[in-house]
Colleague: 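Below is one structure. I have some questions about it.
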Amino acid sequence: MSDKPNENNSEKNERKSLNFIHAFVEQDLREGKNSGRIHTRFPPEPNGYLHIGHAKAIHIDFGTAEKYGGKCNLRFDDTNPVKEEVEYIDSIREDIHWLGYDWGDREFYASDYFGKLYDFATDLIRRGLAYVDDQPSEKIAEQKGTPNVPGTDSPYRKRTPKENLDLFERMNKGEFTGGSRVLRARIDMASPNMHMRDPVIYRIIDHPHHRTGTDWKVYPMYDFAHGQSDYFEGITHSLCTLEFEVHRPLYDWFIDQLKTDDYRPRQIEFNRLNITYTVMSKRKLLQMVKEGVVNGWNDPRMPTLSGLRRRGYTPASIKNFINSIGYTKVEALNDFSLLEFAVREDLNKKAPRVMAVLDPLKVIITNYPEGKTEELETINNPEDESMGGRTIPFSREIYIERDDFMEDPPKKFFRLGPDREVRLKSAYVIKCNDYKKDADGNITELHCTYDEATKSGGEAIGRKVKGTLHWVSIPHAVEAEVRLYDRLFSDPEPDGHKDRDFMEFLNPESLQVVKGFVEPGLAEAQPLDHFQFQRIGYFNVDPDSSPDKLVFNRTVPLRDTWDKKG
RNA sequence: UGACCCGUGGUGUAAUUGGCAACACAUCUGAUUUUGGUUCAGAAGAGUCCAGGUUCGAGCCCUGGCGGGUCAACCA
């Protein structure tokens, strides 16, 4: 019962209620915080490719700005030069644009603020709120205590600001080796929150940075860069995932030391995206790329945005999926079928129907003239007249799908069998009179007759056939490589096992390559064009496809209720 | 033996100031269909982790449990 008949389900859900993040935003707006400004940011570290989990963050970051007339910055969180590469920056930009978002001229880098952060650090030192610690990391970790046991003070905790200032400056001049000294915030070694026990805020790294080169020898830690960068950019709502919840007191502590007026950014955490049969951590995705269990970051089986794009997923389908699962604080495990539904829902509207046979069985239409070819009219999408039509060639010899014929069909099988009739899509009704087998009992060809009066689009034929088959004309068909993908992992939660490695759950049959035959018009298809192969699934043209070698990726199979009944 | 966060059909979410637990996916029927797709119609499935309390009335508020997650990188 909706007032807008054409809206889809996710739009309906979106209208129905506010997620808790937007409820907070509206509350801040009502209370007049930050002069009514809304400003968010998407802060990836350029150490890998973006995946669908990032899409969830991107949608809330950019989407919130859009919804409330604010802005969203893109900020590369590049505080650790040893892990970051420019290659990743380019792919991140491309993937965000692909999703349909733009950050205008607001592309920033945490490294833009190295100078300001250094000054802030020296300011904290002068105020007695930071000190240089000469101990090795093991010693510092030991003194931190455990969640149950309070920490103990470092022997260097009482150094004078003068001495700390001198030491910190020399750290940055390269006088000390990496790991020999760190700068720590002086907060509370007995805090019940581990992050408040004098966290390390600067460390020495002797490695060139992709943007600042060798200008710096000390680099800020995440906790000392993120909130401050938000502050420098005027961010009002800093949205991140749940695991940063325990960092928030520290985030706020640094803001308290830094702020000079009423403005203050606010960190809000939401649940990370988990999907069954999928791993979603950059570390693990990188491992699969490195060990070659997939063919790169954009392997169509990967949950990366570049992989999903290559697989045939559309930006709209990803957005609808994200909207349908929502933003909460519950650690959810989303069923894969929710994603697949979103893809089918979108592709059903957009993808032209075409004919392809992936497991061919030869059919000879014995009463059809040899050498004759007809161009038959067909429609591209029965649900959308505006997508037009095309012609497809028909001849005496065609391929149908091997499993569309059964020698001894069960009662509910609607397709071809001995002495049975079916319609060939957009063509004629045919009847199977005979079939041949090889020595092993495999069926090798069917002999059928067609009824000229049943030509598609003609008058009612006065009889009903239960099944409709897709087919291609053998002399006209184009050969194509078809890649069928299945889930990469066999376990619903491959990384949820404490004593087993996620790689143990890799599905050896996640990729199957078959030789298929498609209707001749598809020879002209462009990379990333998507199609619905009748009764098989949604496919798109792989970017590596060429005129010499046509390659299709299966985006997602069609729902098939026959399989379940059988 | 800590701090913080979270417990609503199989899954994911919703439920105005407390007021008949709703929606989507998945599942199962049936109708239509030149795709066993799509579309349409319908069914089943939770009494909201447990125990108390406040209240005319609690998924929502209070108390105490139980269960799950995060936190002890010089990662982000």
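As the structure is a computational prediction, the values presented were derived from the model and not from experiment. By convention in this document, chain letters (A, B, ...) are assigned in the order of the sequence lines, proteins followed by strands, and residues within each chain are numbered from 1. These numbers come from the heavy atoms of this one structure, side chains and all, not from hydrogens, waters or symmetry mates.
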Colleague: With respect to the side chain of F244(A), which nucleotide from A76(B), G36(B), U34(B) is positioned closest?
Modeller: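 Of the candidates, A76(B) comes closest.
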Colleague: Under 4.0 angstrom, heavy atoms only, what part of the nucleic acid is T79(A) near: base, sugar-phosphate, or nothing?
Modeller: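 T79(A): backbone/sugar contact only, no base atoms under 4.0 Å.
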Colleague: If we take the C1' atom in both A44(B) and U27(B), what is their distance in whole Å?
Modeller: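 My reading of the C1' atoms in A44(B) and U27(B) gives 9 Å.
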Colleague: Across the strands shown, which category fits E340(A) at heavy-atom distances under 4.0 angstrom: base, sugar-phosphate, nothing?
Modeller: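 Nothing, no nucleic acid heavy atom in range.
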Colleague: Are the aromatic rings of Y428(A) and F394(A) close, with centres under 6.0 Å apart?
Modeller: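 Ring centroids of Y428(A) and F394(A) are less than 6.0 Å from each other.
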Colleague: P382(A) has a side chain; which of G12(B), G37(B), C71(B) sits nearest to it?
Modeller: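 Given the options G12(B), G37(B), C71(B), the side chain of P382(A) is closest to G37(B).
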Colleague: Between U16(B) and A26(B), how far is it from one P atom to the other, in whole Å?
Modeller: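 Pairwise P distance, U16(B) against A26(B), rounds to 28 Å.
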Colleague: Would you kindly give the CG-to-P distance between L416(A) and G36(B), to the nearest whole Å?
Modeller: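 One finds 13 Å between P of G36(B) and CG of L416(A), rounded.
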Colleague: Between atom CD in E45(A) and atom P in A73(B), what is the gap in whole Å?
Modeller: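 Distance, rounded to whole Å: 18 Å.
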Colleague: Assign A43(B) to syn or anti; the rule is syn for a glycosidic angle within 90° of 0 and anti otherwise.
Modeller: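 Anti.
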Colleague: Would you say N271(A) places a side-chain N or O within less than 4.0 Å of OP1 or OP2 belonging to U13(B)?
Modeller: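 Checking U13(B) against N271(A), a side-chain N or O does come within under 4.0 Å of OP1 or OP2.
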Colleague: Reckon I536(A) touches a base, only the sugar-phosphate, or nothing at all at heavy-atom distances under 4.0 Å?
Modeller: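 The residue I536(A) makes no contact with any strand.
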Colleague: Does a side-chain N or O of T328(A) approach OP1 or OP2 of U13(B) to a distance below 4.0 Å, or not?
Modeller: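 Answer yes for this pair, as a side-chain N or O of T328(A) is under 4.0 Å from OP1 or OP2.
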Colleague: Under 3.5 Å, is there a donor-acceptor pair linking the side chains of H470(A) and E401(A)?
Modeller: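 There is such a pair (donor and acceptor under 3.5 Å, judged by atom type) between the side chains of H470(A) and E401(A).
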Colleague: Under a 4.0 Å heavy-atom cut-off, which of residues 46-54 of chain A touch RNA chain B?
Modeller: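 The stretch gives none, as no residue of it lies under 4.0 Å from the strand.
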Colleague: Atom NE2 of H247(A) and atom P of A3(B): how far apart are they, to the nearest Å?
Modeller: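 Taking atom P of A3(B) as the reference, NE2 of H247(A) is at 18 Å.
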Colleague: In whole Å, measure the gap between the C1' atoms of G7(B) and G47(B) for me.
Modeller: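 About 16 Å, rounded to a whole number of Å.
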Colleague: Identify the nucleotide, in any strand shown, that forms a Watson-Crick or G-U wobble pair with A3(B), with both distances under 3.5 Å; if there is none, say none.
Modeller: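 By the stated definition (distances under 3.5 Å), U70(B) pairs with A3(B).
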Colleague: Check the distance between U70(B)'s P and E331(A)'s CD and give it to me in whole angstrom.
Modeller: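 Distance check: E331(A) CD to U70(B) P gives 6 Å.
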Colleague: Distance check needed: A24(B) P versus F321(A) CZ, whole Å only.
Modeller: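 For the pair F321(A) CZ and A24(B) P, the rounded distance is 18 Å.
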Colleague: Both distances below 3.5 Å, Watson-Crick or wobble geometry, any strand: find the nucleotide opposite U54(B).
Modeller: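 Here U54(B) is not engaged in any pair, so there is no nucleotide opposite it.
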Colleague: Does the ring center of Y131(A) lie less than 6.0 Å from the ring center of Y156(A)?
Modeller: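 No - the distance between ring centres of Y131(A) and Y156(A) does not fall below the 6.0 Å cut-off.
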Colleague: Does G47(B) fall in syn (glycosidic angle within 90° of 0) or anti?
Modeller: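 For G47(B), whose glycosidic angle is within 90° of 0, the conformation is syn.
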Colleague: How close or far is atom P of U34(B) from atom CZ of F394(A), stated in whole angstroms?
Modeller: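 The distance from CZ of F394(A) to P of U34(B) comes to 18 Å, rounded to the nearest Å.
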Colleague: Detail all sub-3.5 Å separations between protein N/O atoms and N/O atoms belonging to nucleotides 44-47 of chain B.
Modeller:
none

Colleague: Using side-chain heavy atoms (C-beta onward) and a distance below 4.5 Å, is H530(A) in contact with F539(A)?
Modeller: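 Of all side-chain heavy-atom pairs linking F539(A) with H530(A), none is under 4.5 Å.
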Colleague: Do you see a donor-acceptor pair shorter than 3.5 Å between the side chains of N381(A) and E383(A)?
Modeller: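 No.
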Colleague: Would you call D134(A) and R181(A) a salt bridge, taking side-chain N to carboxylate O under 4.0 Å as the test?
Modeller: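 Salt bridge flag = yes for R181(A) with D134(A).
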Colleague: When the P atoms of G69(B) and C28(B) are compared, how many Å lie between them, rounded to an integer?
Modeller: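 After rounding to an integer number of Å, I get 32 Å for this pair.
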Colleague: A3(B) P sits how many Å from Y251(A) OH, rounded?
Modeller: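 It works out to 26 Å between those atoms.
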Colleague: Mind checking whether F108(A) and F76(A) have ring centres under 6.0 Å apart?
Modeller: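 No - the distance between ring centres of F108(A) and F76(A) does not fall below the 6.0 Å cut-off.
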Colleague: Establish, yes or no, whether a centroid distance under 6.0 Å links the rings of Y219(A) and F114(A).
Modeller: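 So the answer is yes for these two rings.
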Colleague: Under 4.0 angstrom, heavy atoms only, what part of the nucleic acid is E383(A) near: base, sugar-phosphate, or nothing?
Modeller: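 Counting heavy atoms under 4.0 Å across all strands, the contact made by E383(A) includes a base.
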Colleague: So T468(A), base contact, sugar-phosphate only, or nothing? Heavy-atom distance under 4.0 Å.
Modeller: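 If one applies the 4.0 Å heavy-atom cut-off, T468(A) turns out to touch the sugar-phosphate alone, with no base involved.
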Colleague: Which nucleotide in the set A26(B), G36(B), C6(B) lies at the smallest distance from any side-chain heavy atom of K329(A)?
Modeller: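 The closest nucleotide is C6(B).
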Colleague: Take atom OH of Y222(A) and atom P of A76(B), then tell me their distance rounded to the nearest Å.
Modeller: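 Taking OH of Y222(A) and P of A76(B), I get 10 Å after rounding.
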Colleague: Would you jot down, in residue-number order, the residues of residues 189-203 of chain A having a non-hydrogen atom under 4.0 Å from RNA chain B?
Modeller: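 Going residue by residue through residues 189-203 of chain A, the ones with a heavy atom under 4.0 Å of RNA chain B turn out to be P192(A), M194(A), H195(A), V200(A), R203(A).
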Colleague: Are T561(A) and G37(B) close enough that a side-chain N or O sits under 4.0 Å from OP1 or OP2?
Modeller: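 T561(A) to G37(B) OP1/OP2: side-chain N or O found under 4.0 Å.
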Colleague: Without swapping roles, check the side chain of T454(A) against the backbone of V429(A) for a donor-acceptor pair under 3.5 Å.
Modeller: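 Indeed, once roles are kept as given, a pair shorter than 3.5 Å links the two residues.
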Colleague: Just checking E377(A): base, sugar-phosphate only, or nothing, at a heavy-atom cut-off of under 4.0 Å?
Modeller: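 No contact at all - E377(A) keeps every heavy atom at 4.0 Å or more from the nucleic acid.
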Colleague: Which nucleotide, if any, forms a Watson-Crick or G-U wobble pair with C28(B), using both distances under 3.5 Å?
Modeller: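 C28(B) is paired with G42(B).
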